[in-house]
Each structure stands twice: as C-alpha cells, then as structure tokens.
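These notes concern the structure reproduced below.
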Amino acid sequence: MEHLLTQMDDIVTLARLALDGQIDDVRTFARRLAQKYSTDFPVEAGTLRSLVRGQNRDGALVRQSPGRTPVDSDTRLDLLQIKHPALDAISLVLQARTMSEVGQLVEERSELEALNAAGLAPTKTALFVGAPGVGKTLAANWVAASLDLPLMTLNLASVMSSYLGKTGTNLKQVLDFARSNPGVLFLDEIDAVAKRRDDIGDVGELKRLVNVLLQEIDTWPEGTLLLAATNHPDLLDPAIWRRFESVIQFDLPNDEIIRTHLGSVLGGVSLSKDLETALAVSYSASTLSDLQRDVRRVWRASIVTQQPLDEVLWNLVEGQLKALSRTSRIEQSERLLKAGLSQRSVQKLTGTSRDTLRSRGTNEEGRN
C-alpha cells in the first residue's frame, strides 16, 4: 500500500510540473522516475527514457520540446498556436473515402520499413478541401493526436501584416520553426496566403507569398507533416495544388454520418426512427457543425423550458425545412415520404400541400 502511495505521489508531482508548463523540470523529474523504477518496471522505464530523449519507438516524426514560438517582431503576437490534442477527446466522423485517405496519413508512419523497401517515403504534405464545418480542422487535430505529436496551427491574424514585406517574413518564420520542430503544421485557410498569381486585385506582397510557399512545400522534410486546408479552392494558385502530395476532399455528410454524429451529440439519448430520419433529411445540405450547434441549442432550451426533447427537435426540423425554397421543400418531402413518414407529418413539417404530395406519385398511400 505504501509503495502504491509513493507511485501516486510521483504521478501527481509529474502532472503538476506539466500543467505548470515547467518542461525542463518535467524532463528532469522523468529521468529520475526512469532510474527509480528501472528494476520493477524496466520496459516502462525504458519508454520514459526514450520520451525524455525525444524519441519514439519507430523513429518517425519524433516529438520534441519545441523551441521558442515565433512571434511578430512589431506586435509580439505568436505566429503559431501549439497544442497537443487528446485522441480520446476527438470524435471524427467522415465519409468512408475521406476517412480512409486521412487515416492513411497516420498508417504510413507505422509502415516506414515497408515504404522504404519500396523506395518510397510517407506523405509529407496534404491539402484538405471542403466547405466550412465539414471536419477539416478536426481531422488535422485527429492526425496530430493519432501520431502523438503537437499540432502547430498558423495564426493567420498575426502573420498577415500591413507592412510591406512583413507578411512574407512572418510566414518564413513559421515554416522554419516547423521544419526544426517535428510535429504537424496546419495552415488553415491557406487561400489567404496562396491566392492565384493572376489575380490583378492583389498586391505584389501576396503574390510573393505564393513563391515562398512553393519553395517550402517542394523541400518539406520527412520529419514534419504539413497539412493545409481551404474553403475556397477556386482562389488557390494552380501551382499550389500540384505541390501537395495528397489532396483530400471533405464533402457534406450523408444520412448515415448525420445519424452517427447525432448520437454522439446527444450522448446516447434515443430518438424515434422518424425523428432521426427527419433530422438527417433536413440537415442533408448542412455541415455537422451546423447540426451540432442547432441540436445543442434546442436541447438547452428544452431543459430551461421543461419541454420534451423530441418536441423541440421536431420544431427544429420544421424550421429547417420551411426555410427552403418551394422546389427544395418538395424534393425533401419526397425523401421523407420514401423514408416512411406519413403524408400528414410531411405536410406539417414542410408546408407542402397533400395534393402536391399526391401529385408527385411518391408513397401515395402514406401512413395515417
């Protein structure tokens, strides 16, 4: 029992140092623990020594304590946000093809020997493309967490400077830092610094940024994974597209993904099949972020007003569908009827007359 209490004291001390940000003290104390427990726990002590040395088991994408974060010389604002995402706190739900391509970025790092034997290297650069809220940033967090590496996110507001030539200098600082500190660099909204060079509306400074990025991406080291994301692929310079080894498309969620995410948002609260179907259809043109925001908003409202959750969710569906154009409402009405909802329910949710529903020839009998 006394031995167990001693171990718990060591864990508490290590956690306190880490939470206080005392990295050097953490490393020193970890070395002491490795020595202290080398006899009773030789394997764990060896792993601890490797972590202190900044080495992982396969030698790929080594996690190290980063140097000083680059800052803008005038504002002194950080140019990067660095964090260590926790894998168990991330619920990543993507369409199968997208999930497979994102997952491959991680899997390649565990198959280095096989890749090297074939004369190949793991993917160093990948571009995420899709509308806002479809999971690009969450996927970047998931990749970093899966690789047990820091996620270094470009602080666009700090990098962009009104001073001529300063934005390029800031961007170069960020890229140099990421090169020397293995991890996952995430350039969100890359279209802001990599616009088409034939855009006559942009000043020369932004056009020079493209050249900086092209040179850096071409020579990006294997020790760091560079991820970028864009909501506006049409704004990107064509040369940027060609430089990325992998371009991954993030689409709007399908019904199955919406249902899965809905269960995650509600924390296991069960809904009727009709209500799940109605939510999936009404949010088929929306993102998971939109669904999560709206469901949590009405859930909070149901608690405050003491209304049943299913009642406020049905109201949410009705509001979503009635906000559509007449043509879209009719299309969604057909989907709801095919999914088994009654004509009476569909009429109430969409405002489409039963005569119109019958004239479409879909589920003409319906349920009462």
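These numbers were taken from a predicted model, which means no experiment stands behind them.
Within the 3.5 Å criterion, the main-chain N or O of Ala96 finds no donor-acceptor partner in the side chain of Ser100. Judged by distance alone, with hydrogens and angles left aside, the side-chain atoms of Thr98 form a donor-acceptor pair with the main-chain N or O of Gln249 at under 3.5 Å. Between the side chain of Glu245 and the main chain of Lys124, a donor-acceptor pair closer than 3.5 Å is present. Thr224 places a side-chain N or O within 3.5 Å of a backbone atom of Ala178 that can act as its donor or acceptor partner. Between the Gln173 side chain and the Thr69 main chain, no donor and acceptor come within less than 3.5 Å of each other. Remark: side-chain polar atoms of Gln332 are paired, donor with acceptor, to backbone N or O of Val281 under 3.5 angstrom.
Checked by atom type, the side-chain pair Thr123/Glu108 shows a donor-acceptor distance below 3.5 Å. Judged purely by distance below 3.5 Å, without hydrogens or angles, the side chains of Arg179 and Thr219 pair a donor atom with an acceptor atom. In summary, the side chains of Thr277 and Asp274 do not present any donor paired with an acceptor at a separation below 3.5 Å, with no hydrogens or angles considered. With hydrogens and angles left out, the side-chain atoms of Ser264 and Gln292 include no donor and acceptor closer than 3.5 Å.
For the atom pair CG (Asn254) and CG (Leu94), the distance works out to 10.5 Å, reported to the nearest 0.5 Å. Here the CD atom belonging to Glu189 is positioned 8.5 Å from the OG1 atom belonging to Thr137, to the nearest 0.5 angstrom. Note that CG of Leu349 and CZ of Arg329 are 12.0 Å apart. Values are rounded to the nearest 0.5 Å. The OG atom of Ser302 sits 9.5 Å away from the CG atom of Asp310 when rounded to the nearest 0.5 Å. From Glu216, atom CD reaches atom CG of Leu185 across 10.0 Å, with rounding to the nearest 0.5 Å. Note that CG of Leu127 and CD1 of Ile248 are 9.0 Å apart. Values are rounded to the nearest 0.5 Å.
In this structure the side chain of Arg300 reaches within 4.5 angstrom of the side chain of Arg296, judged on heavy atoms. Put simply, the side chain of Leu225 reaches to within 4.5 Å of the side chain of Arg109, judged on heavy atoms. Between Val295 and Tyr283 the shortest side-chain heavy-atom distance does not fall below 4.5 Å. Using a 4.5 Å cut-off on side-chain heavy atoms (C-beta onward), Leu154 and Asp188 make no contact. The shortest distance between side-chain heavy atoms of Leu357 and Leu337 falls below 4.5 Å. Between Leu151 and Ile82 the shortest side-chain heavy-atom distance does not fall below 4.5 Å. Between Leu288 and Val265, the closest side-chain pair of non-hydrogen atoms is not below 4.5 Å. By the 4.5 Å heavy-atom criterion applied to side chains, Val317 and Gln320 are not counted as neighbours.
Neither Leu77 nor Phe186 shares a network with the other; the hydrophobic side chains, linked directly or stepwise wherever heavy atoms of I, L, V, M, F, W or Y lie under 4.5 Å apart, form separate groups for each. Tracing side-chain contacts under 4.5 Å through hydrophobic residues (I, L, V, M, F, W, Y), one reaches Leu226 starting from Val212; they form part of the same cluster. In the hydrophobic cluster analysis, where Ile, Leu, Val, Met, Phe, Trp and Tyr join through side-chain heavy atoms closer than 4.5 angstrom, Leu187 is grouped apart from Val71. Residue Leu120 is not grouped with residue Trp220 when hydrophobic side chains (ILVMFWY) are merged at heavy-atom distances under 4.5 angstrom, including chains of intermediate members. Under the 4.5 Å side-chain heavy-atom criterion for Ile, Leu, Val, Met, Phe, Trp and Tyr, Leu105 and Leu87 are members of the same hydrophobic cluster.
No more than 12 heavy-atom neighbours from other residues, nucleotides or ligands sit within 6.0 angstrom of NZ on Lys273. Counting heavy atoms of neighbouring residues, nucleotides and ligands inside a 6.0 Å radius, atom CD of Glu256 does not exceed 12 of them.
For the residue pair Phe250 and Gly135, the shortest heavy atom distance occurs at CE2-O, 3.7 Å. The two atoms that bring Ser282 and Leu279 nearest to each other are OG-O, 3.1 Å, heavy atoms only. Annotation for Phe244 and Ile190: closest pair CZ-CD1, 4.0 Å, computed over non-hydrogen atoms. Shortest non-hydrogen contact noted between Trp142 and Leu92 is CG-CD2, 3.6 Å. Considering all non-hydrogen atoms of both residues, His84 and Pro150 come closest at CE1-CB, 3.3 Å. Residues Thr287 and Pro253 share a closest heavy-atom pair of CA-CD, 4.3 Å.
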Exercise. Go through the steps for Thr356 and Arg326 under the test side chain to side chain contact (heavy atoms under 4.5 Å, CB included), then give the verdict.
Key: CA-CA 11 Å; Thr356 300; Arg326 183 176 184 276; 4.1 Å; yes
Practice problem: Apply side chain to side chain contact (heavy atoms under 4.5 Å, CB included) to the pair Leu324 and Glu331, showing each step before the final yes or no. | Solution: CA-CA 10 Å; Leu324 299 174; Glu331 290 174 353; over 6 Å; no
Quiz prompt | Working for side chain to side chain contact (heavy atoms under 4.5 Å, CB included), residues Ser286 and Leu291 | solution = CA-CA 7 Å; Ser286 304; Leu291 174 67; over 6 Å; no
Practice problem: Take Arg335 and Ser284 through the test side chain to side chain contact (heavy atoms under 4.5 Å, CB included) and record every step on the way to the result. | Solution: CA-CA 11 Å; Arg335 291 186 60 193; Ser284 58; 3.0 Å; yes
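The pair Asp251-Arg97 meets the salt-bridge criterion, since a charged nitrogen lies less than 4.0 angstrom from a carboxylate oxygen.
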